[in-house]
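Structure record follows, encoded as structure tokens.
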2 protein chains.
Amino acid sequence: MGDAQGCGTQEGARVSRVRSRQTQRERSDATVDDLVRAARALFAEDGYAATSLEAICDRAGVSKGALYHHFSSKRDVFRVVYEREQEHLSEVVRGAAAKEAERPWEAVFEGCRAFLEASLDPQVQRITQLDAPGALGWEGMRELSGNCLELTRLGVARAVESGAIPARPVDPLTFLLYGALGESALAIARAKDQPAALAETVAELRTLFDALARG
Amino acid sequence: MGDAQGCGTQEGARVSRVRSRQTQRERSDATVDDLVRAARALFAEDGYAATSLEAICDRAGVSKGALYHHFSSKRDVFRVVYEREQEHLSEVVRGAAAKEAERPWEAVFEGCRAFLEASLDPQVQRITQLDAPGALGWEGMRELSGNCLELTRLGVARAVESGAIPARPVDPLTFLLYGALGESALAIARAKDQPAALAETVAELRTLFDALARG
DNA sequence: GGAAAAACATACTGACAGTATGTAAAGTAC
DNA sequence: GTACTTTACATACTGTCAGTATGTTTTTCC
């Protein structure tokens with residue numbers, strides 16, 4: 001102790017541990033939030049395997065006892081971090097799709113574009129694309145509600161129902177699209193000329209959407 | 001010892017350790033092969049994180065000293081397993097594409113279908129789709145030669161050059177396709193009716209290929 | 001046949017996920 | 001407000017495992 005004082009509440013920074021005169025709920029929520037912020041910062045920077053729970057606890061300014069009081073395992077901590085990440089991505093996608101509410105297929109396109117752009121961040125990629133599959137497994141990734149895959153499925157379903165694209169089963173196109181975007185984001189982020197790579201990919205996506213709309 | 005005898009050389013099974021009267025090259029190759037086989041079996045069944053090097057050594061019938069003589073780390077062992085898996089997938093894809101050698105775009109389609117079908121195996125998925133990204137990272141996955149991504153890129157390039165599909169930059173479509181197939185394979189393998197899901201996805205892929213060919 | 005190097009094997013170390021147990025703060029009943 | 005319970009932590013420990021250090025056996029090559 002002694003170096004765990006001060007410093008406000010900025011993104012993932014070490015946090016004050018003075019929590020007297022609070023309701024239990026407030027204490028718990030604040031502790032969980034500190035832990036998740038710290039975990040997100042370290043998972044994003046160093047990756048899941050290279051991040052120790054002790055490092056997370058140090059950064060959050062709490063003990064391992066506190067962590068294990070609120071989480072059941074390292075995997076559980078990551079699950080919550082992943083959920084938050086998905087919720088954030090979902091909001092971005094929803095916002096973009098909302099601008100084309102009357103044209104369902106265009107809404108999907110704008111959602112895809114937004115997902116792609118938001119997924120260019122190496123930290124987001126580390127969590128959602130690189131570490132999540134191994135740490136959570138496919139089932140673990142999908143058993144949380146309100147994620148981007150569900151949004152995509154919903155968008156495709158609406159496009160089919162409205163007749164914006166020819167009738168077809170929804171799932172195959174959903175997964176094809178979702179996988180295409182994830183891998184593309186990884187590739188674009190590693191490209192020499194990143195803006196050009198993004199523009200080319202969006203253009204290709206545009207071609208693809210137009211082609212699918214024509215049947 | 002005592003239980004490490006007999007039993008031939010079937011897939012990943014424990015292997016005899018009697019290696020007298022051999023050239024060093026033969027000894028090394030055999031040991032490496034035993035280790036890689038054992039590692040592939042355990043990684044595929046239990047996953048990367050849940051597989052210990054000691055378990056791999058036990059199964060291969062060698063010591064940790066032997067493993068570290070031939071590999072530099074656990075990650076290095078996985079890298080070689082991943083490479084073998086990619087080589088196998090590549091052969092399958094190449095074989096399928098060869099049947100449509102005169103129609104470049106059809107060759108890509110058949111290659112994709114073959115890749116998809118070969119990637120339905122949960123053990124293949126565990127290694128190539130779930131664990132590889134986290135264990136090797138994006139760069140680590142791509143710095144090996146002769147993999148499926150390169151095949152896809154080559155196929156798309158030929159399709160463009162031959163005029164089978166409209167001119168476009170090769171990389172975006174390559175990554176879109178590659179990602180689409182990987183995610184789809186994961187989804188199909190978890191579907192209730194797996195053959196139906198595969199058929200639907202292949203049909204969707206067919207639609208997509210036709211649409212792209214028309215421009 | 002003997003030195004050198006390759007191919008192992010064995011014993012150990014440090015890091016870390018998870019557990020067991022103890023303590024202080026908040027909630028609850030009276 | 002006091003006694004009791006529960007929640008929210010903290011500390012100390014354990015088992016496992018990746019990686020290392022060092023020793024031994026087997027080939028190679030002169």
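Treat the numbers as computed from the prediction; the structure is a model and nothing was measured. No hydrogens, no waters, no symmetry mates; every other heavy atom, side chains included, goes into these values. Lettering of chains follows the sequences in order, A, B, ..., and the numbering in each one begins at 1.
Rounded to a whole Å, the CG atom of A:Leu35 is 14 Å from the P atom of C:dA17. If you take CG of B:Leu67 and P of C:dA9, they are 11 Å apart, rounded to a whole angstrom. The CZ atom of B:Phe71 sits 13 Å away from the P atom of C:dA7 (whole-angstrom rounding). Atom CD1 in A:Ile56 sits roughly 11 Å away from atom P in C:dC16 (whole-Å rounding). Per the geometry, CZ belonging to A:Phe78 stands 16 Å off C1' belonging to C:dA17, to the nearest Å. Across the protein-nucleic acid pair, B:Arg27 atom CZ and C:dA5 atom C1' stand 12 Å apart, rounded to whole Å.
Distance check: B:Leu173 CG to B:Thr152 OG1 gives 9.5 Å after rounding to the nearest 0.5 Å.
Of the possible donor and acceptor atoms, none in the side chain of B:Thr23 sits under 3.5 Å from a partner among the backbone N and O of B:Glu26. B:Thr51 places a side-chain N or O within donor-acceptor distance of the main-chain N or O of B:Leu42, the cut-off being under 3.5 Å.
Salt bridge present: A:Glu150 and A:Arg153 bring a charged side-chain N and a carboxylate O closer than 4.0 Å. Using a cut-off of 4.0 Å between Lys/Arg side-chain N and Asp/Glu carboxylate O, A:Asp34 and A:Arg37 are scored as not salt-bridged.
The C1' atoms of five pairs define one axis at each end of the helix from C:dG1-D:dC30 to C:dC30-D:dG1, and these two axes lie 20° apart (to 10°).
The phosphate of C:dA7 has OP1 or OP2 within less than 4.0 Å of a side-chain N or O from B:Ser28. Checking the phosphate oxygens (OP1, OP2) of C:dA7, a side-chain nitrogen or oxygen of B:His69 falls inside 4.0 Å. In this structure, A:Thr31 reaches the D:dC9 phosphate: one of its side-chain N or O atoms is under 4.0 Å from OP1 or OP2.
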Distances under 3.5 Å between nitrogen or oxygen atoms of protein and nucleotides 28-30 of chain D:
| residue | atom | partner | partner atom | Å |
| --- | --- | --- | --- | --- |
| D:dT28 | OP1 | B:Thr23 | OG1 | 2.6 |
| D:dT28 | OP1 | B:Gln24 | N | 3.0 |

Scan nucleotides 17-23 of chain D against the protein and return all N/O pairs shorter than 3.5 Å with their distances rounded to 0.1 Å.
| residue | atom | partner | partner atom | Å |
| --- | --- | --- | --- | --- |
| D:dA18 | OP1 | B:Thr51 | O | 3.4 |
| D:dA18 | OP1 | B:Lys74 | NZ | 3.3 |
| D:dA18 | OP2 | B:Leu53 | N | 2.9 |
| D:dA18 | N7 | B:Lys64 | NZ | 3.1 |
| D:dG19 | OP2 | B:Tyr68 | OH | 3.1 |
| D:dG19 | OP2 | B:Lys74 | N | 2.9 |
| D:dG19 | N7 | B:Lys64 | NZ | 2.7 |
| D:dG19 | O6 | B:Lys64 | NZ | 2.7 |

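Residue pairs meeting the side-chain hydrogen bond (donor to acceptor under 3.5 Å, both in side chains) criterion with at least one partner in residues 125-136 of chain B, sequence neighbours excluded, are B:Gln125-B:Arg190, B:Arg126-B:Asp131.
For B:Glu110, the salt bridge (Lys or Arg N to Asp or Glu O under 4.0 Å) criterion is met by B:Arg113, not counting sequence neighbours. B:Trp138 is linked by a ring pair (Phe, Tyr, Trp, His ring centres under 6.0 Å) to nothing, counting only residues two or more places apart in sequence or in another chain.
Stacking of A:Lys74 on the aromatic ring of A:Phe43 is not recorded, the 6.0 Å distance cut-off and the 45° axial limit not both being met.
Using cut-offs of 30° and 60° on the angle between ring planes, the pair B:Phe115 and B:Tyr178 is tilted.
For B:Arg158, the CZ atom sits in a loose shell: 12 or fewer heavy atoms of surrounding residues, nucleotides or ligands are nearer than 6.0 Å.
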